[in-house]
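Structure first, commentary second.
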Amino acid sequence: DLDKPLQKTFCFPPVKDSISQDIDHILETQSALSVDLGGTNLRVAIVCMMGNIVKKYAQPNPKTFEARMQLIVKMCSDAIRDAVGLNCRILGVGVSTGGRVNPQEGVVMHSTKLIPEWTSVNLRTPISDALHLPVWVDNDGNCAALAEKKFGHGKGVENFVTIITGTGIGGGIIHHSELVHGSTFCAAELGHIMVSFEGPECSCGSRGCIEAYASGMALQREAKRLHDEDLLKVEGMDMKLSEPVTAGHLINAARLGNSKADAVLNKACTALGVGIVNILHIVNPSLVILSGVLSSYYKTPVQHVINERALFSAQSIKVVTSELEEPALLGAASMLIGFGQPL
Ligand code: ADP
Ligand code: BMX
Ligand code: MG
Ligand code: CA
Ligand code: ZN
């Protein structure tokens, strides 16, 4: 039958031979442990080769060095135990942390008071010694950028930046497809872009940083201030006496017509937007990826500030929100897995 395509009849056997099946199985089960240390939370996850989070653990991030190191090792050990039953082979540990990080050495060089007792801390040696696994470390915003590059909106994009909002504001810059670390590992500390000489105090010791206006902690500070002055609650707002006041309450109050809450949020949006315009004028990325707890809230106002205040040539830059579940955790894992993904 000469019309039949040749390969269908002769070339590839329909069932893979057992060696290639074994290789596929080994590749599919390769996994990473990832750790993310933020101003509020300590998260650990088992992440498989394709970048899916198989299991996740979360605890409040302890305030002292000793307790934090102990908890990291404890949570990782528990995860390693669970990984066996989940058919995941752990290849190593990726750590994402706030602070300036030297990734070649696996050392946190310096931290703001958002993570206390976290300056000149070698993470690689003690974690590697305790778990008998290789360890990679980078800044959390930088990790978030790596995750976007490997698994998210940054796939195939040569120049982009990401801003991740949590307790603080983290940043990552991909320039010519590479992460920018700078001369003293302090590049892409985008939360500390200053948009006013005065402005609120920042956890870094300065004032007027975008983190001091628009981070989860900044909005929580303003929500508490309004609450203390009895100016937060509005008609129709559900707020229990026992629950802590958060940024979420501030957003709810503004939506329900609280003009004080609305003014605070407008300032936060403008500060963040102006900060991002400054970034556009320095590195000229083609894409800005917002992630973290407040990203969907900030997207439209940030786009608006860009339209109003960026130079004409920076107007076409796209602003998107991340579709990744946990960019910092995934990025930490991506330092050792996911190499099958197109870059
Ligand atoms: P981190 O990495 O800094 O530990 P996360 O990304 O885990 O932080 O986010 C926790 C932070 O998110 C809290 O510190 C708080 O400021 C903020 N947050 C918590 N709940 C809400 C909410 N409902 N809406 C907006 N922000 C929130
Ligand atoms: C702070 C700073 C950054 C970090 C950012 C986001 C420290 C300890 N942290 O600006 O390095 O990227 O917070 O951190 O110096 P998060 O706590 O919001 O996740
Ligand atoms: Mg974080
Ligand atoms: Ca960073
Ligand atoms: Zn600052």
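Counting starts at 1 for both ligands and their atoms, following the listed order.
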List the atom pairs, donor and acceptor, that lie under 3.5 Å between side-chain atoms in residues 55-72 and the rest of the protein, sequence neighbours left out.
unit_1, atom_1, unit_2, atom_2, d
Lys55, NZ, Asp82, OD2, 3.3
Lys56, NZ, Glu326, OE2, 2.8
Tyr57, OH, Asp82, OD2, 2.7
Asn61, OD1, Arg68, NE, 2.9
Asn61, ND2, Gly38, O, 2.8
Thr64, OG1, Ala67, N, 3.4
Arg68, NE, Pro62, O, 3.1
Arg68, NH1, Pro116, O, 2.9
Arg68, NH2, Pro62, O, 2.8
Arg68, NH2, Pro116, O, 3.0

Protein N/O/S atoms closer than 3.0 Å to the Ca ion (ligand 4)
Asn139 OD1, Asn142 OD1, Gly171 O, Ala188 O
What's the spacing between Arg89 CZ and Ile46 CD1 if we round to 0.5 Å?
14.5 Å
Ion pair check, Asp78 and Arg81, cut-off under 4.0 Å:
yes
Check step by step if side-chain hydrogen bond (donor to acceptor under 3.5 Å, both in side chains) holds for Thr321 and Ser296.
CA-CA 6 Å; Thr321 50; Ser296 53; over 6 Å; no
Under the side-chain contact (heavy atoms from CB on, under 4.5 Å) criterion, do Glu229 and Lys260 qualify, and how do the steps go?
CA-CA 11 Å; Glu229 295 168 21; Lys260 293 256 192 290; 5.9 Å; no
Just to confirm my numbers, could you give the angle made at the Zn ion (ligand 5) by SG of Cys202 and ND1 of His192, rounded to 10°?
110°
Quick one, Tyr213 with Ser196, criterion side-chain hydrogen bond (donor to acceptor under 3.5 Å, both in side chains). Give me CA distance, side-chain angles, the key distance, then yes/no.
CA-CA 10 Å; Tyr213 284 102; Ser196 97; 3.2 Å; yes
